[in-house]
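Just the heavy atoms: all of them, side chains too, but no hydrogens, waters or symmetry mates, feed the values below.
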Amino acid sequence: MRTEELMELGLSREQAGKVLAINGRDIERLKSANSKEVDTLKKDLTASKETLKKWEEADIDGLKEEAEKWKQQAMEAELKEKKSKEEMLIQKESKGIYQAYRAKDAALLDKLIDWGKVSVKKGAVCGLDEQVQALKESYGFLFESKKPIPYFSAASTGFAESKDTDEIRKAMGISV
């Protein structure tokens, strides 16, 4: 835009000068903003070129090997975590089963269980209940009986009191 063009539109020389001054400030402000943006883009381009150069020089096969190692370690950690969770579930379940069957000595039962036959499938413990049930049938003394302990009342009147029964009671620790 020039002064003559503005004067042809009907502005005076003074008005045209003011319009050009305002327009000039706007142009300078935009140039400054664009200059900063261009500088930023140049810096970004330089940094990108340096990064690209580093990647071009990188050992891709070495990176692939390293990635494979990390992948293997992640899978091992995942399996270890799964196994740990299963062991905790089996432990919790065994305590519950031992209590349900009224086991006297959980540590002894732990030694008698074939843990290789115990597994976790779909979040449920399999093979433990059957083994404990079989142990209860075979080794009932390891479990408390559900039958109440018999209660013995006072001395029976069916026996005749004699010196022999007094001696037998004394030997058994029963008071006379």
Side-chain angles (χ1 to χ4, degrees), residues 1-136 138-139 142-143:
M1 182 179 316
R2 297 182 316 185
T3 306
E4 292 79 25
E5 291 174 344
L6 291 174
M7 288 175 59
E8 286 177 11
L9 293 174
L11 296 175
S12 68
R13 187 170 287 283
E14 185 181 322
Q15 288 173 334
K18 288 182 180 179
V19 168
L20 288 175
I22 293 170
N23 190 32
R25 284 192 303 261
D26 288 343
I27 290 173
E28 288 303 316
R29 188 178 43 217
L30 290 174
K31 278 185 182 178
S32 175
N34 285 341
S35 175
K36 289 177 184 176
E37 189 175 327
V38 168
D39 289 343
T40 302
L41 290 173
K42 283 181 182 178
K43 287 178 186 176
D44 288 348
L45 180 61
T46 303
S48 296
K49 284 181 180 179
E50 288 175 11
T51 303
L52 182 60
K53 186 176 181 181
K54 287 179 185 176
W55 279 107
E56 287 173 347
E57 294 171 356
D59 178 18
I60 301 299
D61 293 330
L63 290 173
K64 285 181 181 179
E65 288 176 18
E66 190 71 23
E68 193 60 37
K69 286 179 188 176
W70 282 104
K71 187 177 179 181
Q72 184 67 29
Q73 286 178 351
M75 287 190 319
E76 289 171 4
E78 190 175 312
L79 286 174
K80 188 175 180 180
E81 178 187 7
K82 181 181 177 188
K83 187 175 181 178
S84 175
K85 285 181 180 179
E86 287 178 353
E87 287 173 359
M88 286 176 23
L89 181 63
I90 289 171
Q91 226 175 25
K92 181 181 176 187
E93 185 73 17
S94 68
K95 287 180 183 179
I97 290 174
Y98 294 168
Q99 285 178 346
Y101 282 99
R102 303 177 66 172
K104 291 181 181 178
D105 189 349
L108 181 58
L109 283 178
D110 281 343
K111 292 177 183 174
L112 295 173
I113 299 289
D114 182 0
W115 294 104
K117 293 180 180 178
V118 178
S119 63
V120 176
K121 294 180 183 168
K122 296 183 180 180
V125 177
C126 302
L128 181 62
D129 190 39
E130 296 82 7
Q131 288 190 59
V132 174
Q133 190 173 7
L135 287 172
K136 185 170 183 176
S138 300
Y139 304 102
L142 294 174
F143 302 87

Asker: Given the rule in the side chain to side chain contact (heavy atoms under 4.5 Å, CB included) test, do M75 and Q72 qualify, once you have shown the distances and angles that lead to the verdict?
Answerer: CA-CA 5 Å; M75 287 190 319; Q72 184 67 29; 3.5 Å; yes
Asker: How far does CG of D105 sit from NZ of K111, to the nearest 0.5 angstrom?
Answerer: 8.0 Å
Asker: Specify the closest pair of heavy atoms between L20 and R2, including all atoms of both residues, with the distance to one decimal.
Answerer: CD1-C, 4.2 Å
Asker: What are the two closest non-hydrogen atoms of L112 and L135, and how far apart are they?
Answerer: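 Distance-wise, the nearest heavy atoms are CB-CD1, 3.9 Å.
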Asker: Could you grab the distance from atom CD of E76 to atom NZ of K80, nearest 0.5 Å is fine?
Answerer: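 Taking CD in E76 and NZ in K80, the distance rounds to 9.5 Å.
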Asker: Would you find more than 12 non-hydrogen atoms of other residues, nucleotides or ligands less than 6.0 Å from E78 atom CD?
Answerer: no
Asker: List the atom of Q131, the atom of V118, and the distance in Å for their closest heavy-atom pair.
Answerer: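 Looks like NE2-CG2, 3.6 Å.
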Asker: May I have the step-by-step check of salt bridge (charged side-chain N to carboxylate O under 4.0 Å, His left out) for K31 and E28, ending in yes or no?
Answerer: CA-CA 5 Å; K31 278 185 182 178; E28 288 303 316; 3.7 Å; yes
Asker: Is any side-chain N of the basic residue among E81 and K85 closer than 4.0 Å to the acidic one's carboxylate O?
Answerer: yes
Asker: Just wondering, do V19 and Q15 contact through their side chains at under 4.5 Å, heavy atoms?
Answerer: no
Asker: What is the distance from atom CD of E37 to atom OG1 of T40, rounded to the nearest 0.5 Å?
Answerer: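 Interatomic distance, E37 CD to T40 OG1, rounded to 0.5 Å: 7.5 Å.
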Asker: Taking atom CG of L11 and atom CD of E5, what is their separation to the nearest 0.5 Å?
Answerer: 11.5 Å
Asker: Indicate the atoms forming the closest heavy-atom contact of C126 with K121, along with that distance.
Answerer: SG-CB, 4.1 Å
Asker: To the nearest 0.5 Å, what is the distance between CG on L63 and CH2 on W55?
Answerer: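 Between L63 CG and W55 CH2, I get 6.0 Å after rounding to 0.5 Å.
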Asker: What's the separation between atom CD1 in I22 and atom CD1 in I27, rounded to the nearest 0.5 Å?
Answerer: 12.0 Å
Asker: Using the test side-chain hydrogen bond (donor to acceptor under 3.5 Å, both in side chains), find all partners of D26 that sit at least two apart in sequence or belong to another chain.
Answerer: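 D26 satisfies side-chain hydrogen bond (donor to acceptor under 3.5 Å, both in side chains) with R29 only.
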Asker: Taking all non-hydrogen atoms of both residues into account, name the closest pair between K104 and F143 and its distance.
Answerer: CE-O, 3.6 Å
Asker: Decide, yes or no, whether a salt bridge links E14 with K18 under the criterion of side-chain N to carboxylate O below 4.0 Å.
Answerer: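 Yes, this pair counts.
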Asker: Mind listing the closest non-hydrogen atom pair of T3 and A16 along with its distance?
Answerer: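 Heavy atoms of T3 and A16 come nearest at CG2-CB, 3.9 Å.
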Asker: Under the side chain to side chain contact (heavy atoms under 4.5 Å, CB included) criterion, do Y101 and L109 qualify, and how do the steps go?
Answerer: CA-CA 11 Å; Y101 282 99; L109 283 178; over 6 Å; no
